[in-house]
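Quick note: residue numbers are just sequence positions, from 1. We count ligands from 1, going down the list as the structure has it; atoms in each ligand are counted the same way. Bear in mind the structure is a predicted one, so any value in this text is a computation, not a measurement.
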Amino acid sequence: MTISVFDLFSIGIGPSSSHTVGPLRAARRFVDEHLVRPDVLPRVAEIRVDLFGSLSATGAGHGTFGAVLLGLEGWAAETVRPDQVDERLAEMRADGLVQVGAQLGARHDIALREEDFVQRPLTMLERHSNAMQLTARDAGGAEIAVEIYYSVGGGFVVAEGDEVSDHVGVDEDAAGQEPEQDAGEATSEVPFPFRTAAELLEISRREQLPLSRIMLANECASRSESEVRSGLLEIWQVMEESKESARRRIGPLPGRLKVRRRTGDWHARLMERDPDRSHAYWQEWVNLVALAVNEENASGGRVVTAPTNGAAGIIPAVGFYATHYGPGATFADEADREDIVTTYLLTAGAIGVLYKEQASISGAEVGCQGEVGSASSMAAAGLCEVLGGTVEQVENAAEIAMEHNLGLTCDPVSGLVQVPCIERNAIAATKAVNAARMALMGDGEHRVSLDQVIDTMRETGKDMSHKYKETALGGLAVSVVEC
Ligand code: SF4
């Protein structure tokens, strides 16, 4: 499997990459691969959706049901706008009809009732705890198509029928095989394949290239360099728009918790105190960007998975630091700023590949260390390279950031991606800045390697009770009384 930076950073809707974007993609894939043929679609009278494990346990708070409905209509996570989501879901609520395949060039309306969604929170399928089965039947009850999908984190989707499986939590016989990936996987041979940090460092030393250039060369196996750069700048633009959109929103965040938004108020106060975004207030600005992007995500807005929606604020927040407080950044012209952004995202992407290849970026598989921890590590590495770090210092920065996120559990209150997720992004972003700065104070030599810490994260995730893996059955989720 060749993981692209565009797989790790993909545009989608909130609030969750594994529980919203993944199920949407799975349902879309089901319709696209099994139902849209002219001799099949008109026969479909009923679609049943079985949700297993974490997808069922926190699906309601994560918008899973609406995402499945949108996927059945063929909407794409990358292009659907939040206002289209709201509009279609309101229409479906009003008339009870799903326009199956409408966005895929064929349309067949069916009624989907509440009882067509079957929830099995305590049933964990063997390959992954985020599982769903889709079954289409005709009017006589005969099965037309059935498929099981796994949402393995970051919006990645694997079907039971795929020959491959993913890392942690998969059955042991299948471990070590390479998973296929939905949603635009780059499949070309790359010049510098790597799975581990040791391999990445070896390539870097041999070729005398920084990590961003290695990743760029690999990306150029399937796209031109200008396409890679413009794609990355588009990703950055969406990150910027997410925080701007958050500033315009008012009222509490969606859901029973009624969490107060902070972005608008904090932005106004910071602009009063520090209109020039001086270095004295860097931490407040970084905190604010992380909070803003995650509030947008919690609102079901448009964000970039980085590498997941729950952790979507960290890469933009540390990117803000890189573009505002990096070397010469204050005075950088647009071309320089674009260079900083592309270098930052490519290096962060190279580190993301290591987590996806060797461990997991799924909170339902390894807890929050896989989501927020991975994002913090990716951001630290990206910042360290932008700040002029050697490849050894960059690896050290990524290692420090993950080392101090090990064991982080996933226990979202009320199953919403709000508490502790939103603040946790701000904390992890400032941790990433600190990790980069610590690495830059050293010479790159250090005791614990990045590969060792990734292995530790994977093993810690395996040992973690399922209560702490996006089920809302433990930790803050049960300690905080909703009222
Ligand atoms: S606690 Fe972490 S892993 Fe869990 S939903 Fe929140 S951000 Fe994602």
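Using modelled atom types, one finds a donor on one side chain and an acceptor on the other under 3.5 Å when comparing Y150 with E160. No side-chain N or O of R25 forms a donor-acceptor pair with one of S151 less than 3.5 Å apart.
With rounding to the nearest 0.5 angstrom, the NE2 atom of H19 is 9.5 Å from the CG atom of L51.
Here the side chains of V118 and R120 are in contact, with some heavy-atom distance below 4.5 Å.
The tally of protein N/O/S atoms under 2.8 Å from atom 2 (Fe) of ligand 1 stands at 1.
Evaluated for a side chain to side chain donor-acceptor pair (under 3.5 Å) with S245, the options E296, R302, E240 yield exactly one hit, E296. Tested against Y321 for a side chain to side chain contact (heavy atoms under 4.5 Å, CB included), the candidates Y344, W285, W282 yield a single pass: W282.
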